[in-house]
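In the text below, chain A, chain B and the rest are named by the order of the sequence lines, each starting its count at 1.
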Amino acid sequence: MPRVRFAPSPTGYFHVGSARTALFNWLFARQTGGTFVLRIEDTDEERNREDWVAGILSAMTWLHMDPDEGPYRQSGRRDEHHAAVDSLWASGSLYACDCTREAVEARTAGNATPGYDGHCRTRGIERGPGRALRFAVPDEGTVVVHDIVRGDVEFPLASIEDFVVVKSSGQPLFLLANTVDDIAMGITHVIRGEDLLPSTPKGMLIWRALEGDGVALPAFAHLPMLVNEQRKKLSKRRDPVSVESYREQGFLPEAFLNYLALLGWSHPSGRELLAVDELVTAFRLEDVNHSPAFFDVQKLTHLNGEYVRAMDVDAFVDACRPWTSGPGAPWPAERFDEGTFRELAPLVQERVDTLGAVPDMVDFVFLAEPRMDEAAWASVAADPLAATVLDGALGAYATCSWDAGTLHQVTAALAEQVGRKLGKAQAPVRVAVTGRRVGPPLFESMAVLGRAATLQRLQAARDRLGAVAGSEELPGGAGPGVGEAGALPGGAGAGAAVDQA
RNA sequence: GGCCCCAUCGUCUAGUGGCCUAGGACACCACCCUCUCAAGGUGGAGACACGGGUUCGAAUCCCGUUGGGGCUGCCA
């Protein structure tokens, strides 16, 4: 049975590239009936923090990629690492080195092949405090990495320097710990990022030195990098790479996983909307692409929208809780009512791509006053028929029965009166009631909001409009010509006065 | 500089010598639908980096060039 491992180094957040690597390991394990091992590579003390490890675990759980074994801590396996070092020392694979960085640089300055020059290889100095241990790499020959994704990759040994395996402080380094642990854990397939390809021959050298030349090495599969728009490896500095941040924006784990699977791989059918079990069934390491893939948030967002729209209403309402009921909600908790939200939910679901966009769609219901978008208001203030429409709505809505269908009819009649198509006629009402130019269908929105609040908001908007339009409009009636003439010159000054009131 | 990897529309990709006047998806544009916005529908623009081979035939195979990337740490 295959045994794969995902071996992240704790760096304070869960990188999307790591998530993709984890996913491909996980898919391979699930499909082959193998074991998915999680190993935390924290040999460097500075990377050994509990909360960072907890972050990785939590992100993996969110993505439904729970490990079958682990997490193991590399830091907890020091004894094994030191034992391996002793064994390598005993077999003559290692030598001690007391060169300073400066000395090496001075000696190798003009060399064609940079890196350590093997100065201490034949000096025969003993291991001890202050001395690093280097691996004696043969000068001639070739190491060939059998890579499932790329085929055979050859590395001339002459291009590989005598790399350090144990620091002068006595601490074993990544390459050694990583290899020793892979051996100990019986790893059969090493699936990781392409950035590790150049160090693979070094690991193979250690593996053979430890286990013997005849031993079977694991199969390797180096996955293409995830890059940004500049085609550079995704970096914490300039790119949004934290899985947690996508979770907070309201991406769904299933959608995120689906998108990640499409980076460097595709389903034979050509379909892109794929359930996890379809991924597990169809995934093949052999089919993984060779070239880097751009992490396209727009496409992720679209795919997420597909998942959001496909949810049943109850699941959607549930999933929205962190944004509607949590401390992050833009309204006071006591004003929120899930039953009310549920009425609007199907309409909202169709209009958002991420859950984080939900509050803006419904905040007009749960806020005492709608959050007025000033650009939207400006368009109402500039509309010569706005006052007429608002007055008409105020009159008609006061007595009609209160349901979306009736509101629709009544408003359509009003539109006909003012000589406009419904789409344009309803604009002032929408802005007055919801504070925005866009949102869920207006009549359903008002039906949910209720008559009292709707009328109150219409009146407030009408009052504000009256102040903006100035007194000229009132004696002259609501004729379009007069309103248009009055609105522009009176606008700025009167508007400022209202703001202070 | 050295070693290694990569190269199809802006992006993710299909394509494994003839089915390709290169297919799909995201994004973009137009139109339709429509109470706004979405969603949906229809249509459009848009790519085999370049040069040599091999072959009856090349996006597909080989070589070179160019371009991009990774690694080059007593980090992982």
Complementary nucleotide of [N], counting Watson-Crick and G-U pairs under 3.5 Å:
N     : result
B:A49 : B:U65
B:U60 : none
B:C31 : B:G41
B:C3  : B:G70
B:A14 : none

Mind checking the [atom1] distance from [N] to [M]? Whole angstroms is fine.
N     : M     : atom1 : answer
B:G15 : B:U60 : P     : 15 Å
B:G2  : B:C9  : C1'   : 36 Å
B:U8  : B:A59 : C1'   : 7 Å
B:U21 : B:C3  : P     : 41 Å
B:C28 : B:C62 : P     : 39 Å
B:U11 : B:A27 : P     : 16 Å
B:U54 : B:C63 : C1'   : 11 Å

Side-chain donor/acceptor contact of [X] with base of [N] under 3.5 Å:
X      : N     : value
A:E444 : B:C35 : yes
A:R351 : B:U36 : yes
A:E229 : B:G10 : no
A:S168 : B:C74 : yes
A:K299 : B:A25 : yes

Between [options], which one does the side chain of [X] approach most closely?
X      : options             : value
A:L422 : B:U36, B:C6, B:C35  : B:C35
A:L442 : B:C35, B:C74, B:C3  : B:C35
A:P156 : B:C74, B:C4, B:G70  : B:C4
A:E41  : B:C35, B:A76, B:C74 : B:A76
A:P441 : B:C12, B:C74, B:U36 : B:U36
A:S9   : B:A76, B:U36, B:C26 : B:A76
A:F174 : B:A76, B:U72, B:A39 : B:A76
A:A293 : B:U13, B:C74, B:U11 : B:U13
A:E272 : B:G24, B:G69, B:C35 : B:G24
A:H302 : B:C3, B:A27, B:U13  : B:A27

Starting at [atom1] of [X] and ending at [atom2] of [N], how long is that distance when rounded to a whole Å?
X      : N     : atom1 : atom2 : answer
A:L223 : B:U13 : CG    : P     : 12 Å
A:W265 : B:C12 : CH2   : P     : 17 Å
A:L196 : B:C71 : CG    : P     : 9 Å
A:M225 : B:C71 : CE    : P     : 8 Å
A:R192 : B:A76 : CZ    : P     : 14 Å
A:L226 : B:G68 : CG    : P     : 21 Å
A:L175 : B:A76 : CG    : C1'   : 10 Å
A:L197 : B:G2  : CG    : P     : 19 Å

Has [X] got a side-chain N or O lying under 4.0 Å from the OP1 or OP2 atom of [N]?
X      : N     : result
A:K202 : B:C71 : no
A:N289 : B:U13 : yes
A:K233 : B:C71 : yes
A:R271 : B:G23 : no
A:H290 : B:C6  : yes
A:S291 : B:C5  : no

Between A:L257 and A:L279, which heavy-atom pair has the shortest distance, and what is it?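 Shortest heavy-atom contact: O-CD1, 4.5 Å.
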
Base, sugar-phosphate or nothing for [X]? Non-hydrogen atoms, less than 4.0 Å.
X      : value
A:G264 : sugar-phosphate
A:R430 : base
A:R309 : sugar-phosphate
A:G439 : base
A:F155 : sugar-phosphate
A:K421 : nothing

Which residue, A:E194, A:R192, A:R150, forms the side-chain hydrogen bond (donor to acceptor under 3.5 Å, both in side chains) with A:H222?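 Only match with A:H222 under side-chain hydrogen bond (donor to acceptor under 3.5 Å, both in side chains): A:R192.
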
Does anything in residues 433-447 of chain A pair up under side chain to side chain donor-acceptor pair (under 3.5 Å), and if so which pairs, sequence neighbours excluded?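 Residue pairs with at least one partner in residues 433-447 of chain A: A:D363-A:R436.
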
Side-chain heavy atoms of A:R5 within contact of A:N178, under 4.5 Å: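 A:R5 vs A:N178: side chains touch.
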
CD1/A:I148 to CG/A:L285 distance, rounded to the nearest 0.5 angstrom?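 CG of A:L285 is found 5.0 Å from CD1 of A:I148.
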
What's the verdict on salt bridge (Lys or Arg N to Asp or Glu O under 4.0 Å) for A:D86 and A:R127, showing C-alpha distance, side-chain angles and the deciding distance? CA-CA 10 Å; A:D86 289 343; A:R127 27 186 322 206; 3.0 Å; yes

Parallel, tilted or perpendicular: rings of A:H408 and A:F443 (30°, 60°):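 The arrangement is parallel - the two ring planes meet at less than 30°.
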
Between A:Y307 and A:F251 (judged by ring centroids, cut-off 6.0 Å), do the two rings come close enough to count as a pair?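 A:Y307 vs A:F251: aromatic centres not under 6.0 Å.
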
Which comes earlier along RNA chain B counting from the 5' end, the contact point of A:S159 or that of A:D296, where each point is its nearest nucleotide?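 With A:S159 and A:D296 compared, the 5'-side residue is A:S159.
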
Could you check A:C99 against A:F295 and say which one's nearest nucleotide on RNA chain B is further toward the 5' end?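 Taking each residue's closest nucleotide, the earlier one in sequence belongs to A:F295.
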
Could I get the full list of salt bridge (Lys or Arg N to Asp or Glu O under 4.0 Å) partners for A:R134, not counting sequence neighbours?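 Salt bridge (Lys or Arg N to Asp or Glu O under 4.0 Å) check on A:R134 returns nothing, list empty.
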
Less than 3.5 Å apart, any donor N or O on the side chain of A:Y246 or A:T354 sitting next to an acceptor on the other?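 On atom types as modelled, these side chains do not qualify, holding no pair under 3.5 Å.
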
